[in-house]
Asker: 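Once you've had a glance at the structure underneath, I'll fire off some questions.
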Number of protein chains: 2
Amino acid sequence: MKKITMQDVASKAGVSKSTVSQYINNRFEFMGASTKLRVEAAIKELGYIPNQVAKSLKQKKTGTIGVIVANILHAFSTEIIRAIEDECERNGFHLFVCNADDQPEKERSYIDMLVAKQVDGLVIFPTNGNNDYYKQLKNAEFPIVFVDRMINEPIFPTLLLDNESASRIAVEQLAKKGRKKIGLVSTSIAQNVTPRIERIRGYKKALASHGLSVEEDWIVAEERQEIGKKLQNIWDTGSRPEAFFATNDLALIELLKFIKKNKLAIPEDIGVIAIDDSPFLETATTPISVIKQPTFEIGQNAAETLLKLIVSKDFKEVYEERRYPPILVERESI
Amino acid sequence: MKKITMQDVASKAGVSKSTVSQYINNRFEFMGASTKLRVEAAIKELGYIPNQVAKSLKQKKTGTIGVIVANILHAFSTEIIRAIEDECERNGFHLFVCNADDQPEKERSYIDMLVAKQVDGLVIFPTNGNNDYYKQLKNAEFPIVFVDRMINEPIFPTLLLDNESASRIAVEQLAKKGRKKIGLVSTSIAQNVTPRIERIRGYKKALASHGLSVEEDWIVAEERQEIGKKLQNIWDTGSRPEAFFATNDLALIELLKFIKKNKLAIPEDIGVIAIDDSPFLETATTPISVIKQPTFEIGQNAAETLLKLIVSKDFKEVYEERRYPPILVERESI
DNA sequence: ATGACTTACTAAACCGGTTTAGTGCAAGGA
DNA sequence: TCCTTGCACTAAACCGGTTTAGTAAGTCAT
């Protein structure tokens, strides 16, 4: 089946391509009423759908943005994407979604392809391996917004949780209940991922401000599959903390598995608090207290910021990062 | 900053656009060695990136597919998307991700826009409100694959769980432990969504084959926020089932909330089994038995099927739906 | 020396829109 | 009557690639 083009519509309506184009774009100022009707009829009859690719080529804009997340399987990423998508839909934009899997090469390859596909902008959860490339894109005035992670130079708007506050709240909650020996569980910090680094830093600061000492042995920051072993090791050989702060959902899962395996009771034997919520945490025998991120707000603002940058092209030298306050959900695990 | 075009490269290298195009597309058969080097150098020096929009326009293919899910916030959708994305990446395709929110109008509007953007194909979790439109697309030989849900006529390849088997397994597991009074919890069936309908049907069949009678009062199929009330109502006023089968994750969450509120013990007071897994279910005090879907396999096969259809354009009149066996994860909640 | 083939490359059409610069015509004013 | 102005519409260039048809120069056989 041959695709219907603007020319087909024009011929059928007995007008020129230009006139059809005017019609499609609602420029009716200088269009006769009968012409308008004829074009309208021809479009309907032929089932004409304008080719956006051709339009994009001429107009040098595609109404498309790319989102490169670390991994869409994280609820955090999913919620951000959903919020971005909603905001984009309101503005007639579409979303390419890509998973960089924390691999700078994969990230770079995606950026390359998305740029080649002429996306109007990008939302990136940046790995730290392409900072030079980001700078190039900045020089080319390519609109980008960073989410969840910072790179060393804030050359694009960056939106993320106030991680240190989140840790402070976590420690506060535990300390309030008299917990003095507070451990931390995190996924690996080998790649210097902003939230993990900041959460650990915030945790240490908070301990200090509560007059508690930092016990490096109680800080577990490993690849996911190592966490259980490391926890068991602490439990079996060292002095035991009275509570753990899990800095994200994956760390929490491993922590809960460990707690289950050792038949510990929450909060009697061990206190637990974590960053990131899940509906199942509410239904646990002891519901787990968590610190939520305002994911939808972050995602929506990221999209708003990007769309604004796309139209204004008003780039600043550097940007102050935008921090979001964490949200405490008090349950019974502390 | 002006975008570098193929013409710029051609001028710099002292050749014609055509030659640069040959170079870009690795057609070296009739290219002199020195010419090749000059073009290569010019491209590198100028940092030239070919414009895929222009290419797409001429070649009538974009290397892009659209995925329209019900709601990306469901873990099921996310996993399918992830699998599709992986398969697409291997084949140089990119993914538009859209949320139809079970609204046929929204779905239709997305299909329209994606078709206008010249996607090469679509993966859709179909609502049942655009069957006429699907048929039109079929007539136009537009490649589509359906996932998770069927429409009344199987005009495109359709991949989904063997829902009746899943229900059979669930009932079997409960019956094996002597449960005779088995209720069901589902999200609303007002929109005739395939999996929900089939799971309920399978549940009824399975009860029958175990010689158990179907108690309509024990079947809760409501909007999410109504589920709790309905369950409470059964508990307070009617005869009580000994176990519940939750047909998806949302239903399970509401069921667990209800169980918690009534301080029931799993499995002593009430048996539980559900479709769809979550890492947190493993860490519950009583780990919940579930029936998993092979989401990654479904997603990957969906992408494979679609990509094959895109290149072959070999449409059949109708398709047999492809069913995936459910995977039982036995834990302790039965 | 001539014609037939290769080899290496290019001109120009083309994809399907948008946009600019005009054109033809009728009405209105001098 | 002539000139201007406004209206309704169109021709053609353009976006940045791909692709087809063709050309020029060199090689080889005759």
Side-chain angles (χ1 to χ4, degrees), chain A residues 1-40 42-43 46-64 92 112-113 115-120, chain B residues 1-40 42-43 46-64 92 112-113 115-120:
Chain A
M1 214 193 69
K2 196 188 148 292
K3 277 255 171 71
I4 305 298
T5 72
M6 190 169 265
Q7 184 58 61
D8 299 330
V9 175
S11 306
K12 174 137 221 157
V15 298
S16 74
K17 255 183 13 168
S18 323
T19 302
V20 178
S21 178
Q22 307 291 6
Y23 177 91
I24 291 289
N25 293 287
N26 296 306
R27 307 182 153 315
F28 299 127
E29 302 105 76
F30 302 117
M31 189 174 303
S34 81
T35 306
K36 188 172 161 183
L37 285 172
R38 264 162 34 236
V39 172
E40 196 169 350
I43 287 174
L46 296 172
Y48 169 63
I49 299 171
N51 181 326
Q52 292 295 323
V53 170
K55 179 172 187 162
S56 297
L57 177 59
K58 176 65 181 179
Q59 298 197 139
K60 294 162 177 285
K61 57 185 180 190
T62 53
T64 298
D112 272 342
M113 308 216 47
V115 167
K117 284 199 172 163
Q118 312 298 116
V119 295
D120 297 333
Chain B
M1 216 193 67
K2 199 192 146 289
K3 278 257 172 69
I4 306 298
T5 72
M6 191 170 264
Q7 184 58 63
D8 299 329
V9 175
S11 305
K12 174 138 220 158
V15 298
S16 75
K17 257 183 11 168
S18 323
T19 303
V20 178
S21 178
Q22 308 290 7
Y23 177 90
I24 291 289
N25 293 289
N26 296 307
R27 304 181 155 316
F28 299 127
E29 301 106 77
F30 300 118
M31 190 175 303
S34 82
T35 307
K36 188 173 163 184
L37 285 172
R38 264 162 35 236
V39 172
E40 195 169 352
I43 287 174
L46 295 172
Y48 170 63
I49 299 171
N51 182 326
Q52 292 294 324
V53 170
K55 179 171 188 161
S56 297
L57 176 59
K58 177 66 182 180
Q59 301 198 139
K60 294 161 177 283
K61 58 185 179 190
T62 54
T64 298
D112 272 341
M113 308 217 46
V115 167
K117 283 200 171 162
Q118 311 297 118
V119 295
D120 297 333

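Naming: A, B, ... by sequence-line order, numbering from 1 per chain. Not measured: the values here are computed from a predicted model.
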Asker: Map A:A54 and B:G14 onto DNA chain C by nearest heavy atom, then report which one ends up closer to the 5' terminus.
Answerer: B:G14

Asker: Measure from NZ or CZ of A:K36 to the centre of the six-membered ring of A:Y23 and say whether it is under 6.0 Å with the direction within 45° of the ring axis.
Answerer: no

Asker: Tell me the interatomic distance from B:Q59, atom CD, to D:dT20, atom P, rounded to whole angstroms.
Answerer: 11 Å

Asker: Quickly work out the B:I24 CD1 to D:dT18 C1' distance and round it to whole Å.
Answerer: 12 Å

Asker: Once you round it to whole Å, what is the distance between C1' of C:dG16 and NZ of B:K117?
Answerer: 17 Å

Asker: Short question: side chain of B:K117, backbone of A:G63 - any donor-acceptor pair under 3.5 Å?
Answerer: yes

Asker: Rounded off to whole Å, could you give me the CE-to-P distance for the B:M6 and D:dT19 pair?
Answerer: 11 Å

Asker: Are B:S21 and B:K17 side-chain neighbours, meaning at least one heavy-atom pair lies under 4.5 Å?
Answerer: no

Asker: Would you confirm whether B:N51, through its side chain, and B:V53, through its main-chain N or O, come within 3.5 Å as a donor-acceptor pair?
Answerer: yes

Asker: With a 4.0 Å limit, can you tell me whether A:S21 has a side-chain N or O closer than that to the phosphate oxygens OP1/OP2 of C:dT18?
Answerer: yes

Asker: Round to the nearest Å and state the distance from A:Q22 atom CD to D:dC7 atom P.
Answerer: 15 Å

Asker: Answer yes or no: does a side-chain N or O of B:T19 lie under 4.0 Å from OP1 or OP2 of C:dT10?
Answerer: yes

Asker: Can you tell me if A:Y48 touches the phosphate of C:dG17, counting only side-chain N or O atoms and a distance under 4.0 Å to OP1 or OP2?
Answerer: yes

Asker: Measure the distance from NZ on A:K58 to P on D:dG17 and round it to the nearest whole Å.
Answerer: 15 Å

Asker: Report the residue from B:T64, B:T62, B:D120 that forms a side-chain contact (heavy atoms from CB on, under 4.5 Å) with B:S56.
Answerer: B:T62

Asker: So, does the side chain of A:K55 form a donor-acceptor pair with the base of C:dG16 at under 3.5 Å?
Answerer: no

Asker: Ignoring hydrogens and angles, are the base of D:dG17 and the side chain of B:K17 linked by a donor-acceptor pair under 3.5 Å?
Answerer: yes

Asker: Checking all strands, does A:V15 fall into the base, sugar-phosphate, or nothing category for heavy-atom contacts under 4.0 angstrom?
Answerer: sugar-phosphate

Asker: OP1 or OP2 of D:dC15 less than 4.0 angstrom from a side-chain nitrogen or oxygen of B:N51, does that happen here?
Answerer: no

Asker: C:dG17 P sits how many Å from A:N26 CG, rounded?
Answerer: 16 Å

Asker: Please report the distance, rounded to the nearest Å, between OH in A:Y23 and P in D:dC9.
Answerer: 14 Å

Asker: I'd like to know if B:S18 reaches the base of C:dA11 with its side chain such that a donor and an acceptor end up less than 3.5 angstrom apart.
Answerer: yes

Asker: Tell me whether the side-chain N or O atoms of B:K60 pair up with the base of C:dC15 as donor and acceptor below 3.5 Å, since no angle test is needed here.
Answerer: no

